[in-house]
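This report refers to the structure that appears directly beneath it.
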Amino acid sequence: MEFQKRSFFSLLPVIASILLFFLKFSLKTAPSGCSLLHDNHYWISSKRIVTQDGVISGAVEIKDGKVFSLVKEEDWHGYIRKGQIVDFGEAVVMPGLIDVHAHLDDPGREEWEGFPSGTRAAAAGGITTLIDMPLNSEPSTISEETLKLKINAAKNRIFVDVGFWGGLVPDNALNATALERFLRAGVLGLKSFMCPSGINDFPMTNITHIKEGLSVLAKFKRPLLVHAEVQQDFADKSVKDDKKDARLYSTYLETRPPSMEEAAIRNLLTVSENTRAGGPAEGAHLHIVHLSDAQSSLNLLKNAKARGDSISIETCPHYLSFSADEIPDGDTRFKCAPPIRDAENKEKLWEALRGGDIDMLSSDHSPALPDLKLLQQGDFLKAWGGISSLQYVLPATWTSGRKYGVTFEQIASWWSEKPAKLAGLPLKGSIAVGNYADIVAWEPETDFDLDQNHPSYFKHPSISAYVGRKLSGKVLATFVRGNLVYKEGKHAPAACGNRLLAK
Ligand SMILES: *[C@@H]1O[C@H](CO)[C@@H](O)[C@H](O)[C@H]1NC(C)=O
Ligand SMILES: *[C@@H]1O[C@H](CO)[C@@H](O)[C@H](O)[C@H]1NC(C)=O
Ligand SMILES: [Zn+2]
């Protein structure tokens with residue numbers, strides 16, 4: 001007895017250290033499925049870190065998923081004593097991109113995209129948060145009940161953080177009870193169409209619906225995103241009457257002239273004044289998605305903003321990268337709505353973006369089955385509209401933007417800071433102490449050929465309008481809340497993105 005007792009006690013330290021080892025091991029590896037790193041306290045260092053106070057050389061201290069401190073290189077000697085340093089050398093370390101306009105089509109149309117492939121592509125492209133559109137999933141997200149389906153579909157299947165816009169449709173727009181329930185369930189804001197969306201359970205809204213929607217949104221201080229185009233009879237007729245060649249991009253362009261955007265915006269501006277300080281819908285905000293017309297439509301919006309209406313404007317890299325004259329006959333990969341316009345318009349869009357009249361960028365990643373997109377014998381009128389680009393928006397923005405002398409701070413503003421504000425995400429959008437450690441490291445000077453061999457993680461890369469281009473800017477690594485979710489062709493094994501619900 002005596003002997004056994006003593007031996008048990010003498011073994012205690014051994015047992016304890018074995019237990020401690022396993023405890024330590026499990027603590028260390030518990031989050032490892034979520035991250036390609038094991039530590040949750042480490043530093044990211046680089047010569048070019050984009051902060052709110054400019055680009056610095058130094059390190060970002062990450063602890064428990066948040067930015068714990070920012071250290072300039074001249075101050076860090078003796079400061080960083082322990083922990084791991086992930087050194088990115090000359091690569092740019094920037095806040096992760098927030099894509100406020102992506103269609104992941106989940107649940108219901110997973111053969112088009114889906115949360116797993118879509119968010120893997122996002123991670124590989126430096127996008128750390130995306131806000132999913134209420135269409136083209138099936139059903140569309142237009143009520144508390146259908147939002148629940150979306151939230152369940154995203155569970156354990158997202159590699160980056162994902163929030164959800166809800167649909168404003170005639171069915172719910174005039175029913176404040178339904179809208180309030182929907183907003184309380186967590187949608188970050190609402191989205192509506194002023195022309196047919198192409199999706200049966202997502203009908204278009206008229207200005208009465210929009211006005212009513214804004215008054216409910218005002219109580220929640222959330223935005224209404226609007227697809228601002230209205231149908232005009234003459235456009236359809238002119239194409240039919242002339243029997244124009246549907247394989248020509250110009251034929252498609254004529255069906256959606258800038259006047260469609262302009263007319264929609266004129267109509268919207270009859271209610272946008274409600275969002276002004278002291279107005280009946282103060283607190284609500286109007287956000288124009290994917291503006292393409294850089295002339296009358298943009299001028300109208302500029303004036304309304306100057307008057308104090310709460311309005312913001314987004315455009316997409318494809319409107320800044322391509323122009324109508326370079327779209328080959330029958331190449332329906334470039335079909336989207338509103339359409340890509342001429343080279344002069346593209347220049348004007350860049351001018352407006354750089355000058356601050358356009359506030360932010362989004363992908364409008366809008367995938368479809370290749371059959372719907374391509375196999376229509378190049379018929380621009382029959383092919384499905386929408387451009388697939390999710391993984392490539394950062395290099396696409398940089399490739400054209402560098403010619404205009406665009407800075408990394410501007411890119412961070414268009415892709416992170418302003419989008420965070422629109423979506424109501426206060427701890428995102430910049431590398432600042434206390435914010436989530438949502439970070440992308442990328443090499444602006446590295447070019448790559450986006451050919452069929454390039455590893456694309458979204459579902460149907462062949463339909464992307466960017467395939468065949470040479471792009472500048474290679475994403476090296478992406479961190480979401482401190483988890484290294486992507487590094488040079490490798491993703492973290494587990495999908496640990498958060499579902500972002502408004503409270
Ligand atoms: C409004 O929506 C609520 C909740 O979804 C529903 O119960 C009610 O029947 C709707 N009212 C009308 C008039 O459609
Ligand atoms: C919009 O549609 C609703 C029916 O859903 C109708 O009551 C309203 O009058 C319409 N508004 C306009 C401006 O056409
Ligand atoms: Zn869209």
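One-based numbering, in listed order, for ligands and for the atoms of each.
Annotation: the span from Leu214 atom CG to His285 atom NE2 amounts to 10.5 Å, rounded to 0.5 Å.
Ring geometry, His454 versus Phe448: the interplanar angle falls under 30°, so the pair is classed parallel (tilted spans 30 to 60°).
Here the side chain of Asp105 pairs no donor or acceptor atom with the backbone of Gly114 at under 3.5 angstrom. The closest donor-acceptor contact from the side chain of Thr270 to the backbone of Arg266 lies at 3.5 Å or more, if one exists at all.
Atoms of ligand 2 found under 4.0 Å from any heavy atom of His209 (numbered from 1 in listed order, with element): 1 (C), 2 (O), 3 (C), 4 (C), 5 (O).
Residues Trp442 and Phe408 bring their aromatic ring centres within 6.0 Å.
Looking at Asp449 and Arg469, no side-chain N of the basic residue comes within less than 4.0 Å of a carboxylate O on the acidic one, giving no salt bridge.
Cation-pi check for Arg481 over Tyr436 is met; the charged atom lies under 6.0 angstrom from the ring centroid and within 45 degrees of its normal.
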Below 3.5 Å only, please: the N or O atoms of ligand 1 paired with protein N or O atoms, distance on each line.
residue  : atom   : partner : partner atom : Å
ligand 1 : 2 (O)  : Asn175  : OD1          : 3.3
ligand 1 : 2 (O)  : Asn175  : ND2          : 2.3
ligand 1 : 11 (N) : Asn175  : ND2          : 2.8

Name the atoms and distances for all side-chain donor-acceptor pairs under 3.5 Å in residues 94-101, with sequence neighbours left out.
residue : atom : partner : partner atom : Å
Asp99   : OD1  : His101  : N            : 3.1
Asp99   : OD1  : Ser363  : N            : 3.0
Asp99   : OD2  : Ser363  : OG           : 2.5
His101  : ND1  : Glu314  : OE2          : 2.9
His101  : NE2  : His103  : NE2          : 3.4
His101  : NE2  : Asp364  : OD1          : 2.9

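Each protein N/O/S atom under 2.8 Å from the Zn ion (ligand 3) was counted, for a total of 3.
Among Phe322, Phe380, Tyr466, Tyr249, the single residue meeting the ring-ring contact (aromatic ring centres under 6.0 Å, His included) criterion with Phe334 is Phe322.
Residues meeting the salt bridge (charged side-chain N to carboxylate O under 4.0 Å, His left out) test with Arg333, sequence neighbours left out: Asp331.
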